[in-house]
Amino acid sequence: MTLRVLEFNDAGLRVSDDSGVLFSSPGYALVDGKRIEFGENARKQSRLNPLNCYNQFWHKLNLDPLARPVAHYRHNADIAFSHLQSLAEASGLEGDVLLAVPGSFSRQQLAILLGLIKQCPFRSVGIVDAGLAAAIDQTHSDSVIHADLQLHQVVLSKLTRQGGELVRESVVQVPGTGWVALSDSLLQLMNGAFIQQARFNPQHNAESEQMLLDGLPGWLRDDPLADPGGQVGAAPGADDEEARRNLLVSLRHNNSVHQARLPRSSLHARLQPFYQKIQEQLAQLDPEGQSRLLVSDRLQHLPGFNDEFARQGGRMSTLDAEAIGAACLRYHDALRSAPEAVQFVTRLRRLGAHGTATHSHAAPQPQPTHVLVGHNARPLVDGLSLEHLLQGTGGQVVSGEITGDGEHHFLRNADSSVLINGAPVQPLQRLQLGDRLQLADGSQRIELIRVQHGV
């Protein structure tokens, strides 16, 4: 049976296998009489039925009695257990599973979690710190800070290289900066724009307020076709320059279409207080600004986030949604343990390109020092962006980054349109002297070369 990964983040518990993310279920529960729903269905009722919708049971995972009755549940752990059962049924999760848990989980919460899983249709055969899994193959810096967005906080995990291993050193929680608070603030801004520009108040009606909330992630991803349920969407027809400067939001309610235009700079400004809280904690974790910041896919789509944190002088990289699951599967041998004695892994030694340890007694192979772009050679430096090296026809922007660990260079998170030596690239691809990178449309090519000085 295929080994799977269950990543715990209440913004979306993710089930993955070697094909990628299979299922995601946000930490919402809706209790309406005898009807109990979890995940996305419950989230879509959060504004329609707010008094019976709950989203803190993972954030406050404990055995303390609930302040007020919630159906037959005694405490948050009961609700979390029902969520796990619902997730397992919906995703077909069974057999051996590796768990990736955030560094914000306390020792007591880990014990509760493992106790819950013992009653589930799947069994845990390994548990790893999610920040460690995210960072192990994504950076070769001596120090890295992994940042992830949960429903009620941002979690910052600092990891350092010690004796050839990447080790989780410390974890900081930034309360009040989670998706719930961020989305509430952005909805208030959008609501004000609708009132001023369209004489329409989305928050005056629970249905239209829910539509506004449902459409928010798509708008922040700059997806002009985001239209959940056929009710919400970014209005088409805006030219590229207008779309870059303004976000045009359209709500279809009661057979009427209401539109509001928001400057993207206003979205960024609205989230500035949240970003400031994160920056303050980053400064304490990394006072000299030497650590690379590794940003989860949940954070990188927030308005102005990438610009804000890149401007602080630190080096920043971004992750995709599959990064943690893929890393857990790649390192499954190191993470596996007996189900009756699961060990929490907070340190790992990076594997080589073929799944072997990174030490070797073979003679070192010559390594590239530059990339040849046209007739110009540019030095290979850690953090070199493909955006500045490759550009397709029509000005296509290409994502991807070249990183180095002092011995080797790697290409990571490259666009699917990028080929290496005529073949598709891997999520983490080791680069060698003579490798040729080019776009699938053949519009541009670069080559990795070695520049020697002297005889």
Side-chain angles (χ1 to χ4, degrees), residues 10-12 24-33 35-59 68 70 79 149-153 176-236 246-264 266-274 298 301-304:
D10 57 4
S24 180
S25 180
Y28 284 81
L30 176 69
V31 180
D32 187 8
R35 183 173 64 95
I36 302 174
E37 292 188 273
F38 289 92
E40 189 64 16
N41 288 338
R43 186 201 63 76
K44 289 183 176 180
Q45 295 283 319
S46 59
R47 298 304 170 105
L48 297 174
N49 202 347
L51 296 180
N52 294 313
C53 196
Y54 305 88
N55 60 29
Q56 295 212 22
F57 51 92
W58 285 114
H59 179 59
R68 66 184 182 91
V70 179
I79 306 178
L149 178 72
Q150 299 179 355
L151 285 182
H152 300 283
Q153 62 185 1
T177 58
W179 173 249
V180 171
L182 295 174
S183 60
D184 279 347
S185 184
L186 290 176
L187 287 190
Q188 291 293 337
L189 179 65
M190 290 183 171
N191 193 70
F194 271 106
I195 293 174
Q196 182 179 27
Q197 299 174 29
R199 300 297 186 265
F200 171 65
N201 185 347
Q203 293 185 311
H204 185 70
N205 178 280
E207 184 180 353
S208 57
E209 184 179 13
Q210 185 71 55
M211 291 177 190
L212 197 61
L213 180 62
D214 291 347
L216 187 57
W219 292 320
L220 299 188
R221 286 193 302 269
D222 290 329
D223 181 1
L225 301 179
D227 193 0
Q231 299 297 317
V232 187
N246 297 302
L247 178 65
L248 187 59
V249 180
S250 176
L251 278 179
R252 189 178 301 115
H253 182 59
N254 287 342
N255 298 320
S256 297
V257 176
H258 308 277
Q259 292 185 344
R261 178 178 284 100
L262 293 92
R264 294 186 183 273
S266 69
L267 299 172
H268 181 179
R270 187 74 174 195
L271 297 184
Q272 189 66 36
F274 299 98
R298 298 179 179 95
H301 296 298
L302 295 179

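All figures in this text were calculated on a predicted structure; none of them were measured in a lab. Positions are given from 1, in the same order as the sequence printed here.
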Listed partners of [X] passing side-chain contact (heavy atoms from CB on, under 4.5 Å), at least two apart:
X	value
Asn41	Glu37
Ala181	Phe274
Pro50	none
His59	Asp10, Gln56, His152, Gln153

Task: For Arg47, salt bridge (Lys or Arg N to Asp or Glu O under 4.0 Å) partners two or more places apart - done: Asp184, Glu209

Side-chain contact, heavy-atom cut-off 4.5 Å: [X] with [Y]?
X	Y	result
Asn191	His204	no
Trp58	Gln150	no
Ile79	Val31	no
Phe200	Ser208	yes
Ser183	Leu213	yes
Asn254	Asn205	no

TODO: Return the set of residues passing ring-ring contact (aromatic ring centres under 6.0 Å, His included) with Tyr28 (not counting sequence neighbours), or none when no residue passes.
DONE: none

Open item on the list: Using only atom types and a distance under 3.5 Å, with no angle test, would you say the side chain of Arg261 pairs donor to acceptor with the backbone of Asn246?
Closed with: no

Open item on the list: For the backbone of Arg43 and the side chain of Ser46, can you confirm whether one donor and one acceptor N or O come within less than 3.5 Å of each other?
Closed with: yes

Open item on the list: Check the orientation of Phe57 and Phe38. Use parallel for under 30°, tilted for 30 to 60°, and perpendicular for over 60°.
Closed with: perpendicular

